[in-house]
Amino acid sequence: MQEFIDAIAAVAARAGVPENAARSSVTVPKERDRADLTLPCFRFAKQLGKSPPQVAAAVADAFEPGGLLASAEAAGPFVNFRLDRPTFTRKVLQSVTDNIGASDEGAGQAVVIDYGSPNIAKPLLFHHLRSSMIGQVLCNLHRRRGYEVVGLNFLGDLGTAFGKLMVGIEEFGEPESIAAYNRTYVQASNFCTENDGAMDRARAWAKRLEEDDPEALRHWESARRLSLGEFQTVYDWLGIRHDVVDGEKMYVKSGQALVEELLENRTAEESEGGVVIDLQNAGKKLGKFLIRKSDGASLYQTRDLAAARDRMERFGFAKMLYVVDIAQELYFRQLFAALKTTGHDWADRCRHVKFGQVLVDGSRAKTREGGGTHLEEVLREGERRARAVVEEKNSDLADKAAVAKAVGTAAVIFCDVGFPTTKNINFDWNAILSFDGRTGPYLQYVHASACSILRKGGYTESKQTDGDASRLTDDHEWTLVRRLAEFSDAVGKACAECEPSHVSNALYDLARGFRSYHTAGSRDASLRVLVDDDATKTARLWLVDKVRCTLAAGLRLLGIDPVEEM
RNA sequence: GACCCCGUAGCUCAGCUGGAUAGAGCGGCUGAUUCCUAAUCAGCAGGUCGCAGGUUCGAGUCCUGCCGGGGUCGCCA
């Protein structure tokens, strides 16, 4: 694309417009039918002493046919350019591979992505999908852009939550399965709010665990083991693969040492029995950051500070992303400010990738009371519903079970990464498991139909690297080629902004363009891919294969396993 | 009270560094299936882009104020 923009800048330069200014002004018009690329001339008018339409006319006059550009036409203050379709098409199709969107921008740079990070002794609920899935996609995107990614699961294996669990064990007996752990946790949670003194007992247990009390340790180990096993089932289902699994408990000692160190060098101070870092001067309205409770126990923030230092030592990251609920926005601003205040300039490399909440009937799901639907249950229901549709639509299919699982899962995943991360999600079974419209199953469907055409066209293996692009000049084909070109850009943008939905949008637009092209052939036989004319057919199969390749690659980036039939 | 996010079609939301006639999905209506997958496609209806100012040749987009909704604000994680 860049060389086409350069070509336009060169034309503008012949009309007296500064080349760099022209280059940065070139845009894709909102109304795509109007032009492939357009140059607004408002900004050049003053310095050239002409009106914008006069400048546009001059630029259009300076155009010479041939080369990358097909035409230039002044339309008021704009110059509308058409690209040479065969040239552009050929370049784009040649560039599409399974690795579409790849670059080496991240070469030699480590990125730590902290995602998932559930609490032990509790099941994964639907809202846990968000951190896990967004984080996994960010891992995929960063790897595609050449970064060395460390996907890190930071287990919540410490604190009053564990203390409550221990109170529950004391009151209701020791659970042996994860389901029993969950029941005990919920019971204990209620018990602690209803009984005076129970919270103090929970806090005492939390502290005993910090002090490696043998009995606390024993329960901690079994809760942790059972939980990890349980999490793995869901992680396998969703293709979530962490490179490192850490837990908060490993930072108890270094956290306490850190508090002592900060007290000593006076970056932290005692306050109301606890220890705080004063952030008043570090940023506006950040207040004070508590790093030691009055009972001497550490907090989440103590461990996070210690963890950040440790990760810098272990991985020497160029970036560290925390994929966490938007409700913790202030917390992360404080955490990063605290890192900076305590002398770590690399705090600037840390970023909170925030995502919206899961709402039930318009308000936040109450997970602490055990509310919320289990993630695994949602996945199973998706699979079940997809299976019913497969039976109905394509009961001859070879591996219906696998297809149903992939399609149902696509629905769930796309709900999560198909929209901007900061949007809230309303938990509604029919919305989450919708298979119609702009959904994961739609993308699967379009991919499967592309595969189907290729099969019928005898295109069993994707090995074509060049073809006769001059056969691909229909508007539908041209739209597809542009969508393919835009997809690469979307990958880079999604990675830079930590926003998976840029990929989702580009993928959906490509899929829709392909469906439109595909059905156009139903009305007009000359537009079918599998036409009699061999040269045309070969060229069209080449295009379809590149679309198929991009759809598959895009789905995989989003953590969705593409199906070839459905 | 302070800070953050949001306010675009009946509903859920796109809208790229400001550009020419604001787009999708769902829902509604009309069509399309002896045809390369109808989990689809083509089309119609539906919008003072919360309100008021400002910057600009040009504002859904940037700035200020206000209104409305949500979230967060030291001993949870």
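Since the structure is predicted, the reported quantities are computational estimates derived from the model, not experimental observations.
Contact annotation for A/N119: backbone-only contact, meaning every heavy-atom pair under 4.0 Å involves sugar-phosphate atoms and none involves a base. Within the nucleic acid shown, A/V28 comes within 4.0 Å of at least one base atom, counting heavy atoms only. Among the protein residues, A/P52 comes within range of no part of the nucleic acid, since none of its heavy atoms lies under 4.0 Å from any strand. Contacts of A/V544 with the nucleic acid, taken as non-hydrogen atoms under 4.0 Å apart, are absent. A/E565 comes within contact range of at least one nucleobase, with a heavy-atom separation under 4.0 Å.
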Show me the donor-acceptor pairs, under 3.5 Å and distance only, between side chains in residues 496-504 of chain A and residues at least two apart or in other chains.
{"unit_1": "A/E497", "atom_1": "OE1", "unit_2": "A/H502", "atom_2": "NE2", "d": "2.8"}
{"unit_1": "A/E499", "atom_1": "OE1", "unit_2": "A/T421", "atom_2": "N", "d": "3.2"}
{"unit_1": "A/E499", "atom_1": "OE1", "unit_2": "A/T421", "atom_2": "OG1", "d": "3.4"}
{"unit_1": "A/E499", "atom_1": "OE2", "unit_2": "A/T421", "atom_2": "N", "d": "3.3"}
{"unit_1": "A/E499", "atom_1": "OE2", "unit_2": "A/S501", "atom_2": "N", "d": "3.2"}
{"unit_1": "A/E499", "atom_1": "OE2", "unit_2": "A/S501", "atom_2": "OG", "d": "3.0"}
{"unit_1": "A/S504", "atom_1": "OG", "unit_2": "A/V417", "atom_2": "O", "d": "2.6"}
{"unit_1": "A/S504", "atom_1": "OG", "unit_2": "A/P500", "atom_2": "O", "d": "3.3"}

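RNA chain B is contacted by A/R515, A/S516, A/H518, A/T519, A/G521, A/S522, A/R523, A/R528, A/V529, A/L530 of residues 514-532 of chain A, taking any non-hydrogen atom closer than 4.0 Å.
A straight line from NZ of A/K393 to P of B/rA38 spans 10 Å, rounded to a whole angstrom. Between the NZ atom of A/K293 and the P atom of B/rG74 there is a distance of 15 Å, given to the nearest Å. When the C1' atom of B/rU37 is taken as reference, atom NE2 of A/H447 falls 14 Å away, rounded to whole Å. Atom CG in A/L165 sits about 15 Å away from atom C1' in B/rA77, given to the nearest Å. Protein atom CG of A/L443 is 18 Å distant from nucleotide atom P of B/rU37, rounded to whole Å. In this entry the distance linking CD of A/E269 with C1' of B/rG74 reads 12 Å, nearest Å. In this structure, the CZ atom of A/F419 is 13 Å from the P atom of B/rU12, given to the nearest Å. Taking atom OH of A/Y331 as the reference point, atom P of B/rC4 lies 20 Å away to the nearest angstrom.
The phosphate of B/rC57 (OP1 or OP2) has a side-chain N or O of A/K46 nearer than 4.0 angstrom. In this model, the phosphate group of B/rC75 is not approached by any side-chain N or O of A/Y300 to a distance below 4.0 Å at OP1 or OP2. Neither OP1 nor OP2 of B/rG74 sits under 4.0 Å from any side-chain N or O of A/K288. Using a 4.0 Å cut-off, no side-chain N or O of A/S452 falls inside it from OP1 or OP2 of B/rC36. Phosphate proximity of B/rC76 to A/R203: present, with a side-chain N or O under 4.0 Å from OP1 or OP2.
On the C1' atoms, B/rG50 is 37 Å away from B/rA39, given to the nearest whole Å. For B/rU40 and B/rC4, the P atoms lie 42 Å apart once the distance is rounded to whole Å. Separation of the C1' atoms belonging to B/rA9 and B/rA24 is 11 Å when rounded to the nearest angstrom. For the P atom pair drawn from B/rC57 and B/rG18, the interatomic distance equals 15 Å after rounding to whole Å. When the C1' atom is used for both B/rG54 and B/rG46, the distance is 32 Å, rounded to whole Å. Taking atom C1' in both B/rU21 and B/rG58, the straight-line distance is 15 Å, to the nearest Å. B/rG69 and B/rG25 have their P atoms separated by 32 Å, with the value rounded to a whole Å. When the P atom is compared between B/rC62 and B/rA20, the two are found 16 Å apart, to the nearest whole Å.
If you find the closest nucleotide of RNA chain B to A/R455 and to A/T422, the one lying nearer the 5' end belongs to A/T422. Map A/Q334 and A/R303 each onto its nearest nucleotide of RNA chain B; the residue landing nearer the 5' end is A/Q334.
Sorted by first and then second residue, the pairs that involve residues 402-429 of chain A and meet salt bridge (charged side-chain N to carboxylate O under 4.0 Å, His left out), not counting sequence neighbours, are A/R130-A/D416. For residues 518-549 of chain A, every residue pair satisfying the ring pair (Phe, Tyr, Trp, His ring centres under 6.0 Å) rule, not counting sequence neighbours, is listed here: A/F514-A/H518. Listed by first then second residue, pairs satisfying side-chain hydrogen bond (donor to acceptor under 3.5 Å, both in side chains) with a partner in residues 267-278 of chain A read A/N265-A/T267, not counting sequence neighbours.
Ring to ring, A/Y508 and A/F414 are not that close: their centroids are 6.0 angstrom or more apart.
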- prompt: What does nucleotides 19-25 of chain B look like as a protein-contact string, B for base, S for sugar-phosphate only, - for none, at under 4.0 angstrom between heavy atoms?
  reply: BBB--SS

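Shortest non-hydrogen contact noted between A/G116 and A/S131 is N-OG, 2.8 Å.
Taking only side-chain atoms of A/A448, from C-beta outward, the nucleotide of B/rG7, B/rU37, B/rA77 with the closest atom is B/rU37. Ranking B/rA77, B/rA2, B/rA14 by closeness to the A/K285 side chain, first place goes to B/rA2. Checking B/rA38, B/rC13, B/rC75 against the side-chain heavy atoms of A/E272 singles out B/rC75 as nearest. For A/N426, the listed nucleotide lying nearest its side chain is B/rU12; candidates were B/rU12, B/rA77, B/rC76. Nearest nucleotide to the A/K423 side chain, out of B/rC6, B/rC36, B/rA39: B/rC6. In the set B/rU37, B/rC76, B/rC41, B/rU37 carries the atom at the smallest distance from any side-chain atom of A/I453.
Counting only N and O atoms by type, the side chains of A/N430 and A/R385 include a donor and acceptor under 3.5 Å apart. Of the N and O atoms on the side chains of A/S298 and A/R292, not one donor lies less than 3.5 Å from an acceptor on the other residue. In summary, the side chains of A/R43 and A/S25 do present a donor paired with an acceptor at a separation below 3.5 Å, with no hydrogens or angles considered. Using modelled atom types and a 3.5 Å distance limit, the side chains of A/Y251 and A/D304 yield no donor-acceptor pair.
For A/F231, the ring pair (Phe, Tyr, Trp, His ring centres under 6.0 Å) test picks out no residue, with sequence neighbours left out. With sequence neighbours excluded, no residue forms a ring pair (Phe, Tyr, Trp, His ring centres under 6.0 Å) with A/H447. Residues forming a ring pair (Phe, Tyr, Trp, His ring centres under 6.0 Å) with A/F81 (at least two apart in sequence, or on another chain): none. Scored by the ring pair (Phe, Tyr, Trp, His ring centres under 6.0 Å) test, A/H352 finds A/F332 as partners (sequence neighbours excluded). Applying the side-chain contact (heavy atoms from CB on, under 4.5 Å) test to A/E194 and every residue at least two apart in sequence or in another chain returns A/N190.
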message: Could you spell out the base pairing of RNA chain B as a dot-bracket line? Use Watson-Crick and G-U wobble contacts where both distances are under 3.5 Å, [ ] for crossing pairs, | for partners on a different strand.
response: (((((((..((((.....[...)))).(((((.......))))).....(((((..]....))))))))))))....

